[in-house]
Amino acid sequence: MLQTNLSRLASSAAYSYGKPNKSNIGADDARIYNYRGIDYCKKGEFDSGIAQFNNAIALVPEFAGAYCNRGLAYVNKGRLDDAIKDFDKSIALDPNNAYAYYNRGNAYSTIQLQSDYVDAYNNRRAAYVETGRRSQALENYNKALEDYNEAIKLEPEFVEAYVNRGDIYSIKGEFDLALEDYNKAISLNPKFAGAYYHRAVSLDNKGESEKAIIDYNKAIELNPDFAYAYNHRGLYYTAKGKYDQAIRDFSRAIKLIKEDFGGVSTLDSELIVLTYMGRGSAYHEKGRFYRAIDDFSKAISLKPNDPFAYHGRGLAYRNLLVFEKSIQDFSTVINLKPEAAADAYKERGVTYHSKGDIDKAIEDYNAAIALDPRFAEAWTERGKVYRDKGEIDKAIEDYNKAIELNPELAEPYTYRGLIYNEQGEVDKAIEDQSKAIACNSEFAEAYVNRGQTYYAKNELDKAIADYDKAIEINSELVAAYTYRGNAYRAKTELDKAIADYTEALKLRPKIAEFYYTRGEAWLLAKGWEEAKTDLTAALLQDIDVAAAFHNTHGSIAAFEEKIGVRLPKEVVTLLTPQSEPFEIDKDARIALGMKYYGNDELSSGLAARLAGVPREEFWYLMGDYGLSLLTLDEEELPNSGF
């Protein structure tokens, strides 16, 4: 258990202050200084506490309890080497003080956890991944185990010692031994929330998350102000895709830590950084990228050299198409950890690729592969770039290499399948997409890609079944709605097609082509007013509506013959090539923006842009159209610094 407070200050050892021949006056004053030190530390005023313990030790140099307590204060200040020296002294003066062994064990375990706290916290056990640190990690953990063993030997019902020894076993991957210790602690004190919490973390690490959630809930039931438990339960909910519940738990943890921030230890301040990152990740997965950026930025403000926060923020910026800021954040990660930056190079490469800077993307993927030649994901991403460059043989080589390195990785199969589909080898394409799904049954994109292959074979029902599955897995996957809409349109089920295009438009309202696509479907469905609205919106966003229409249908006359009816004059005008930039009068344009906003298809900012007026003016005019500012989402307001 990370030492986060002074609940086990060795006040009970305060009377072990020295030999009986010391003066009673000095001993009494030393005891007072010791108690004052304890009070200061309980309030988080560790420097003042250390000063009081210094006074006690100056009066009675053999005061074992004061050394123990000063060691605890040093732990909370992050001065772990000084802490261990004090615990050594306390044990030398009083070898039967179980608390001194316990506290020294905490210090040894904290040295290792603090050196790579984020990785340990996120259950990656990084000390065992990086072999160069394995020896030191084992040495520190084994010293901690020896001290916890001695503490338990001296005091067999020392509940916290069992919990902390369990933590060391858990970090080392010895989960059965860890669970034995947690169970013993709970049998000794069934109302000790910390024991349930740490057992939950161990169960999570062991892969028994459904048992873990029961213990997280029990810990919070016993201690409703247990920030660590809320934070870890938030991680559990994030892993399960329950992002709203995760965000609530992270928010509760942040509130609890902030309420007591003046008295937190070094590792508690680390906790708030991790909690902001946890909530930022949950916001990111939920698609609330502005909120994610805010949380990662808060983490960075508290810990400016934390690469994980920059990494998370870089991902969020990329999803908002703010590529320069994304590249800047991944570059910071590379500078902070150049020797372990393969993933950051890969993500920066993805950002360059998204930005259209193909050559720089390849440079970054090359750098990632140079750092880690077995990094299958980097080979996969480089293959995607080669495909976009038209260097198909190189793309397939990279996908093949990724599959060789990691046959269970779904992505290279699905992207190789896309190439086969483009080459007309549809059976090989379906085989690859099916392999991708076998590797990861929750890989929504693979279902979409297989659906596209079935669509190319005109097996529309199979295509729709795959699109359905993709949407079931990820209800915000735009491509699945767009392609399913195309399949429904091919089946002349136009109402369903329009519903899917509408959903795609709501999810990605900045993609101007979506307005044309739905407008075209409205034409086929003879929904003239709706078609006019969407085609007008597409024209206002610089889509060449006439060219797109004529490329598909040949001519207006051919289309009219196909649908068996003449198009309204206003629609014909929209489908006719324009010699001048398209414009409509201001009132009509504002009304168009209001219509999209009122249909909940555009945010107020995007609707105002379509209307051709500033957002503040758009807000002011809402009342004229029966709309209210009360419908604004908080994320429509400007934030996040850009």
Side-chain angles (χ1 to χ4, degrees), residues 118-124 170 193 196-258 271-296 298-299 308-309 311-313 315-316 319-320 410 437 439-448 468-478 480-481 503 506-507 633-635:
V118 175
D119 280 342
Y121 179 87
N122 285 319
N123 307 328
R124 298 171 186 165
S170 183
Y196 292 98
Y197 160 70
H198 288 277
R199 188 171 70 178
V201 174
S202 188
L203 288 166
D204 240 345
N205 289 348
K206 193 182 179 187
E208 299 182 15
S209 60
E210 298 311 313
K211 291 182 180 178
I213 189 62
I214 295 171
D215 274 353
Y216 287 134
N217 292 339
K218 183 65 175 180
I220 290 168
E221 174 191 330
L222 291 169
N223 180 3
D225 294 335
F226 199 166
Y228 279 82
Y230 283 108
N231 187 59
H232 257 94
R233 193 172 70 175
L235 293 173
Y236 164 86
Y237 283 135
T238 300
K240 294 295 181 182
K242 299 179 179 180
Y243 303 121
D244 289 331
Q245 290 165 274
I247 289 165
R248 281 196 294 272
D249 272 356
F250 289 130
S251 298
R252 176 63 175 159
I254 289 168
K255 183 176 185 294
L256 288 169
I257 301 166
K258 279 186 170 181
L271 172 62
I272 197 167
V273 171
L274 294 165
T275 307
Y276 276 124
M277 288 196 290
R279 192 173 69 177
S281 296
Y283 277 133
H284 183 273
E285 293 300 322
K286 194 171 167 58
R288 299 181 70 179
F289 302 121
Y290 291 104
R291 283 295 188 88
I293 287 167
D294 286 343
D295 273 352
F296 288 124
K298 286 172 183 172
F308 299 94
H311 187 278
R313 193 173 69 176
L315 293 174
N319 277 287
L320 287 170
I437 291 166
C439 289
N440 180 3
S441 62
E442 297 297 305
F443 189 13
E445 190 175 348
Y447 286 101
V448 169
D468 289 344
K469 182 63 177 178
I471 290 167
E472 177 188 328
I473 294 168
N474 181 358
S475 62
E476 296 186 0
L477 185 57
V478 176
Y481 291 103
E503 193 62 34
K506 287 181 178 179
L507 289 168
D633 186 272
E634 60 186 309
E635 290 196 8

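One-based numbering along the sequence shown.
With contacts defined as side-chain heavy-atom distances shorter than 4.5 Å, the pair L477/I471 does not qualify. Using a 4.5 Å heavy-atom cutoff, the side chains of S281 and F296 are in contact. Proximity of D204 to I213: side-chain heavy atoms (C-beta onward) are nowhere separated by under 4.5 Å. Between F443 and I473 the shortest side-chain heavy-atom distance does not fall below 4.5 Å.
Taking the side chain to side chain donor-acceptor pair (under 3.5 Å) definition, one finds that S475 meets it with nothing, sequence neighbours left out. K506 meets the salt bridge (charged side-chain N to carboxylate O under 4.0 Å, His left out) test with no other residue; sequence neighbours excluded. Residues forming a salt bridge (charged side-chain N to carboxylate O under 4.0 Å, His left out) with E208 (at least two apart in sequence, or on another chain): K206, K211. Under the rule for a side chain to side chain contact (heavy atoms under 4.5 Å, CB included), the partners of L315 that lie at least two apart in sequence or sit in another chain are H284, H311, R318, F330, E347. Annotation: salt bridge (charged side-chain N to carboxylate O under 4.0 Å, His left out) contacts of K240 (sequence neighbours excluded): E210. Applying the side chain to side chain donor-acceptor pair (under 3.5 Å) test to K286 and every residue at least two apart in sequence or in another chain returns D244. Every residue was checked against the ring-ring contact (aromatic ring centres under 6.0 Å, His included) condition with Y237, not counting sequence neighbours, and none meets it. Take Y243 and apply the side chain to side chain donor-acceptor pair (under 3.5 Å) test, not counting sequence neighbours, and it matches no residue. Listed by chain and residue number, A446, Y447, R450 satisfy the side chain to side chain contact (heavy atoms under 4.5 Å, CB included) test with I437 (two or more places apart in sequence, or in another chain). Legend: residues meeting salt bridge (charged side-chain N to carboxylate O under 4.0 Å, His left out) with E285, ordered by chain and number and at least two apart, are absent. Residues satisfying the side chain to side chain donor-acceptor pair (under 3.5 Å) test with N440, not counting sequence neighbours, are none.
Between Y197 and F226, the distance from one ring center to the other falls under 6.0 angstrom.
Considering every non-hydrogen atom in both A253 and Y230, the closest pair reads CB-CB, 4.0 Å. The shortest heavy-atom contact between G234 and F250 is C-CZ, 3.3 Å. Contact detail for A292 and G280: the closest heavy-atom pair is CB-O, 3.3 Å. The two residues A227 and I257 come nearest to each other via the heavy atoms CB-CG1, 3.8 Å.
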Report task. Test side chain to side chain contact (heavy atoms under 4.5 Å, CB included) on L203 and D215 and set out the steps. Result -> CA-CA 9 Å; L203 288 166; D215 274 353; 3.8 Å; yes
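We find the CG-CZ distance between N319 and F289 to be 3.5 Å, quoted to the nearest 0.5 Å. In this structure, E476 CD and E503 CD are separated by 9.0 Å, a value rounded to the nearest 0.5 Å.
Under a 4.0 Å N-O distance rule, the pair R313/D294 does not qualify as a salt bridge.
Across I220, T275, D225, a single residue satisfies side-chain contact (heavy atoms from CB on, under 4.5 Å) together with R252, and that is D225. Just one of K242, K255, R233 meets the salt bridge (Lys or Arg N to Asp or Glu O under 4.0 Å) condition when paired with D249; it is R233.
Under a 3.5 Å cut-off, the side chain of N223 and the backbone N or O of A219 do not form any donor-acceptor pair.
For the residue pair R291 and Y283, a side-chain donor N or O sits within less than 3.5 Å of a side-chain acceptor on the partner.
Listed by first then second residue, pairs satisfying salt bridge (charged side-chain N to carboxylate O under 4.0 Å, His left out) with a partner in residues 271-280 read R279-D295, not counting sequence neighbours.
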